[in-house]
Every structure is written in structure tokens, then in C-alpha cells.
Amino acid sequence: MRYWLMKSEPGCFSVDDLAERPDSTTPWDGVRNYQARNFMRDDMKAGDRVLFYHSNCEEPGVAGLAEIACEAYADYTAFNPAEKHYDPKSVPEKPVWMMVDVKLVDKFDRVVTLKEIKADDRLSGMELVRKGSRLSVQPVSENEYKTILRMAGYDEKK
DNA sequence: GCCAACGTTGGC
DNA sequence: GCCAACGTTGGC
């Protein structure tokens with residue numbers, strides 16, 4: 001099992017929005033970065049755990065725990081000219097952009113803030129806190145994952 | 001292949 | 001709103 005961190009702007013799609021989706025699941029559409037796509041396409045497996053991160057907001061941080069619900073498939077929003085992330089390079093016969101489905105496991109009782117993450121020596125290796133890093137889909141080590149769950153006061157076995 | 005210009009990300 | 005850092009585009 002692998003561990004990931006995925007960013008979303010809560011003003012656009014928050015952990016609460018995910019909770020309200022049918023089966024608490026959503027297609028993770030709109031990723032238009034090759035490195036992020038490659039992680040989704042090549043490395044994500046159903047059941048992998050996801051730290052749901054709120055970015056570009058008042059209190060940036062990890063807001064909940066989710067999981068990968070299925071392996072990558074074509075991001076069909078790229079085919080539609082009416083979509084914000086339309087990309088004529090990507091066509092159904094040869095899709096450029098891929099996405100996975102993400103399912104909420106639990107919203108955390110409290111957000112583990114970026115500030116706390118930066119202040120914690122155990123998390124200094126995270127891609128998230130690397131200078132200049134903007135990757136919206138990124139791998140997380142098992143230790144980092146467990147540390148953040150503990151900081152959230154989240155008991156995985158409940 | 002180089003690189004300047006541009007658009008985007010995302011913390012602050 | 002600012003701006004640093006990044007990825008992409010396109011002229012040459």
C-alpha cells in the first residue's frame with residue numbers, strides 16, 4: 001500500500017464537499033501536470049491512502065483521510081471544450097490526462113496545518129515543504145503518513 | 001535545443 | 001493582493 005497527498009482548494013472543492021458526494025467519492029479531474037498525472041496513472045492502486053490537503057486558503061493543511069477508489073482512467077473533462085481544463089491535445093482515442101476516483105475515509109477532527117508540518121522535524125522531508133514545490137499529487141512516506149494521522153488525533157483502527 | 005515570455009500555483 | 005517559483009509555449 002502506498003500513501004499520497006492530494007491538494008484541493010477548499011473554496012473550489014473541500015473535504016466537506018467530498019463528504020457530500022454520493023458514496024463520498026469523486027473523480028479527481030483537472031490535473032494538468034505530467035508528474036502528477038504519472039503518479040496517478042502509474043503508481044496509484046485502489047486502497048492506497050490519501051492525505052486530503054487544503055491549499056490556497058486561510059488555514060492550509062491536511063483536513064482528512066481519503067483513499068484511492070479505482071485505478072486511473074481518462075480524464076474526460078479534457079475532451080470537453082466547455083470545461084475549464086479542456087485540452088485539445090487529449091482526445092478519447094489517445095487521452096493525455098488521467099484521473100483516479102478518490103473516496104473519503106474520514107474528515108479529521110482538526111486540520112493538521114502546514115505551519116505544524118513545517119515545524120515538525122519528522123516531516124522535513126515531505127515534498128509539500130520542499131522549497132518551490134507545487135505538485136498537487138505527491139507521494140508520502142509511511143512514517144510521514146502515520147505522523148500526520150497521529151497529529152490529527154486520528155485512530156486508523158476505529 | 002535555447003531561452004524569454006507567459007500563465008499558474010499557493011503561501012503569506 | 002503580492003510575488004517567488006515553477007511548468008509550458010513558441011520563436012529562433
Side-chain angles (χ1 to χ4, degrees), chain A residues 2-21 26-44 48-68 72-102 104-141 143-145 147-154:
Chain A
R2 291 219 198 189
Y3 306 92
W4 307 93
L5 180 146
M6 295 171 90
K7 298 179 185 174
S8 184
E9 302 191 15
C12 180
F13 189 83
S14 71
V15 71
D16 292 317
D17 293 323
L18 180 55
E20 284 168 16
R21 288 299 175 96
T26 191
W28 203 262
D29 60 30
V31 173
R32 298 293 179 267
N33 170 282
Y34 287 102
Q35 213 181 335
R37 177 207 63 185
N38 292 348
F39 283 134
M40 292 198 290
R41 185 191 61 190
D42 303 333
D43 298 320
M44 283 185 174
D48 283 2
R49 295 291 175 150
V50 177
L51 301 173
F52 191 106
Y53 181 85
H54 282 170
S55 68
N56 203 8
C57 57
E58 204 160 310
E59 193 179 48
V62 180
L65 177 62
E67 66 182 11
I68 303 301
Y73 58 101
D75 181 345
Y76 45 75
T77 66
F79 307 147
N80 183 353
E83 288 281 351
K84 185 177 176 208
H85 298 288
Y86 170 62
D87 184 351
K89 285 197 305 291
S90 192
V91 292
E93 303 76 50
K94 209 177 174 211
V96 174
W97 303 114
M98 310 287 284
M99 62 186 173
V100 293
D101 286 353
V102 172
L104 185 66
V105 175
D106 272 309
K107 180 184 173 179
F108 289 159
D109 293 332
R110 65 178 205 88
V111 173
V112 178
T113 65
L114 177 61
K115 203 175 165 190
E116 293 173 78
I117 291 171
K118 281 181 168 171
D120 197 307
D121 287 342
R122 294 167 297 178
L123 302 175
S124 61
M126 285 186 75
E127 170 70 21
L128 183 71
V129 294
R130 223 192 71 225
K131 185 175 162 59
S133 170
R134 297 186 324 193
L135 255 188
S136 67
V137 175
Q138 51 184 264
V140 169
S141 78
N143 279 336
E144 291 159 352
Y145 169 80
T147 298
I148 286 179
L149 257 53
R150 224 172 286 128
M151 289 164 81
Y154 183 76

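Owing to the predicted nature of the structure, the values given are computational and were not obtained by experimental measurement. Naming: A, B, ... by sequence-line order, numbering from 1 per chain.
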Requested in this report: Take atom NZ of Lys7(A) and atom P of dG11(B), then tell me their distance rounded to the nearest Å.
Outcome: 6 Å

Requested in this report: Can you tell me which residue pairs pass the side chain to side chain donor-acceptor pair (under 3.5 Å) test with a partner in residues 50-64 of chain A, sequence neighbours excluded?
Outcome: Glu9(A)-Asn56(A)

Requested in this report: For Tyr34(A) and dT8(B), give me the distance from atom OH to atom C1', rounded to whole Å.
Outcome: 15 Å

**Report entry** Rounded interatomic separation in angstrom, taking CD from Gln138(A) and P from dG7(C)
**Finding:** 13 Å

**Report entry** N or O in side chain of Lys118(A) less than 4.0 angstrom from dC12(B) OP1/OP2
**Finding:** yes

Query - Presence of salt bridge, Asp42(A) and Arg37(A), under 4.0 angstrom - result: no

Report task. In whole angstrom, give the distance that lies between atom CE of Met6(A) and atom P of dG10(B). Result -> 13 Å

Report task. Carefully, step by step, assess Trp4(A) and Leu51(A) under the rule side chain to side chain contact (heavy atoms under 4.5 Å, CB included). Result -> CA-CA 6 Å; Trp4(A) 307 93; Leu51(A) 301 173; over 6 Å; no

Query raised in the report: Hey, mind stepping through Val62(A) and Phe108(A) against side chain to side chain contact (heavy atoms under 4.5 Å, CB included) and telling me if it holds?
Result: CA-CA 8 Å; Val62(A) 180; Phe108(A) 289 159; 3.5 Å; yes

**Report entry** Spacing between Glu9(A) atom CD and dT8(B) atom C1', to the nearest angstrom
**Finding:** 10 Å

Report summary line: The bend of the helix from dG1(B)-dC12(C) to dC12(B)-dG1(C), taken between the axes of its five terminal pairs at each end and rounded to 10°, is 10°

Is there any protein nitrogen or oxygen under 3.5 Å from a nitrogen or oxygen in nucleotides 2-5 of chain C, and what are the pairs?
residue, atom, partner, partner atom, Å
dA5(C), OP1, Lys131(A), NZ, 2.8
dA5(C), N3, Arg134(A), NH1, 3.2

Query raised in the report: Atom CG of Leu135(A) to atom P of dG10(B): distance rounded to whole Å?
Result: 9 Å

Query - Between C1' of dT9(B) and NZ of Lys84(A), the distance in whole Å - result: 11 Å

Query raised in the report: Can Ser141(A) and Glu144(A) be counted as having a side-chain donor-acceptor contact under 3.5 angstrom?
Result: yes

Query - Closest-nucleotide ordering on DNA chain C, the 5'-leading residue of Asn33(A) and Asn56(A) - result: Asn56(A)

Query raised in the report: What's the spacing between Asn80(A) CG and Asp29(A) CG if we round to 0.5 Å?
Result: 11.0 Å

Query raised in the report: Contact class for Lys115(A) (heavy atom, under 4.0 Å): base, sugar-phosphate, or nothing?
Result: nothing

Query raised in the report: Has Tyr53(A) got a side-chain N or O lying under 4.0 Å from the OP1 or OP2 atom of dT9(B)?
Result: no

Query raised in the report: Over how many whole Å does the gap from Ile117(A) atom CD1 to dG11(B) atom C1' extend?
Result: 13 Å

Report task. Look at Asp43(A) together with Arg2(A) and state whether they make a salt bridge at an N to O cut-off of under 4.0 Å. Result -> yes

Report summary line: Checking Val140(A), Leu149(A), Val105(A) against Arg49(A) for side chain to side chain contact (heavy atoms under 4.5 Å, CB included), the one that qualifies is Val105(A)

Requested in this report: Would you indicate whether the side-chain heavy atoms of Met44(A) and Met99(A) approach each other to under 4.5 Å?
Outcome: no

